[in-house]
Amino acid sequence: MKAWTTVILYPVIVAAIKKVKEGGEILELEVEIDLIIEEDGILYPIEIKKNTQAKAVMVSAFRVLDQISGKKRGMGAVICNCPDVGMIRENILQIPVWYI
């Protein structure tokens, strides 16, 4: 039997990433992730969309989580109005809202 673990929910995460352009100009890129569930140092990102089909571009913000030291990114998901559970990428699912 697994012992109870602490699960932390982070609603609407906005991360600003500073990137330096070739000319020395500093750019700020803002990304938003609707919900992040953390358990045992693993971050599980979730997007919530109204679309009937999830697309890979909807989860491009998930990559920002790879830059957090001491944390790993786990399986991600897009909750949407799709008809069935399916894979968007090898580590990202589309999940119908009625499934929850």
Side-chain angles (χ1 to χ4, degrees):
M1 183 170 183
K2 185 177 176 184
W4 287 98
T5 59
T6 302
V7 175
I8 303 171
L9 301 177
Y10 300 98
V12 187
I13 302 300
V14 177
I17 305 168
K18 291 184 180 178
K19 292 188 173 190
V20 179
K21 208 173 170 182
E22 283 182 29
E25 181 182 346
I26 296 177
L27 303 174
E28 285 193 21
L29 173 66
E30 229 178 64
V31 296
E32 181 180 305
I33 300 172
D34 292 332
L35 179 68
I36 299 174
I37 300 172
E38 179 182 2
E39 182 179 26
D40 298 328
I42 301 173
L43 302 173
Y44 301 94
I46 300 171
E47 279 292 321
I48 302 167
K49 302 292 183 191
K50 294 180 183 178
N51 302 41
T52 56
Q53 181 180 7
K55 298 178 181 159
V57 70
M58 295 176 176
V59 295
S60 60
F62 290 3
R63 290 182 298 214
V64 74
L65 300 178
D66 297 333
Q67 299 176 17
I68 300 173
S69 63
K71 306 286 182 188
K72 292 181 182 178
R73 178 167 47 122
M75 180 69 78
V78 176
I79 298 171
C80 59
N81 289 312
C82 57
D84 290 309
V85 174
M87 298 296 289
I88 299 172
R89 291 189 183 152
E90 67 179 43
N91 63 343
I92 301 171
L93 293 170
Q94 71 173 14
I95 300 174
V97 68
W98 58 263
Y99 195 79
I100 299 175

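Within the structure, side chain to side chain donor-acceptor pair (under 3.5 Å) pairs that include any residue of residues 86-96 do not occur (at least two apart or interchain).
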List the atom pairs, with distances to 0.1 Å, where a side-chain N or O of residues 73-81 and a protein N or O form a donor-acceptor pair under 3.5 Å, not counting sequence neighbours.
unit_1: Arg73; atom_1: NE; unit_2: Asp66; atom_2: OD1; d: 3.0
unit_1: Arg73; atom_1: NH2; unit_2: Asp66; atom_2: OD2; d: 2.9
unit_1: Asn81; atom_1: ND2; unit_2: Lys50; atom_2: O; d: 2.8

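In terms of heavy atoms, Phe62 sits closest to Ile46 at CZ-N, 4.0 Å. Here the closest heavy-atom approach between residue Pro96 and residue Cys82 is recorded as CB-O, 3.2 Å.
Under the rule for a side-chain contact (heavy atoms from CB on, under 4.5 Å), the partners of Asp84 that lie at least two apart in sequence or sit in another chain are Trp98.
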**Request:** In sequence, state the C-alpha distance, the side-chain angles, and the governing distance for Met87 and Ile92, and then conclude on side-chain contact (heavy atoms from CB on, under 4.5 Å).
**Result:** CA-CA 6 Å; Met87 298 296 289; Ile92 301 171; over 6 Å; no
**Request:** Go through the steps for Glu47 and Ile33 under the test side-chain contact (heavy atoms from CB on, under 4.5 Å), then give the verdict.
**Result:** CA-CA 6 Å; Glu47 279 292 321; Ile33 300 172; 4.1 Å; yes
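Interatomic distance, CD1 of Ile68 versus CG of Leu43, reported as 5.5 Å (0.5 Å rounding). For the atom pair CG of Leu35 and CD1 of Ile37, the computed distance is 5.0 Å after rounding to the nearest 0.5 Å.
Between Met58 and Ile88 the shortest side-chain heavy-atom distance does not fall below 4.5 Å.
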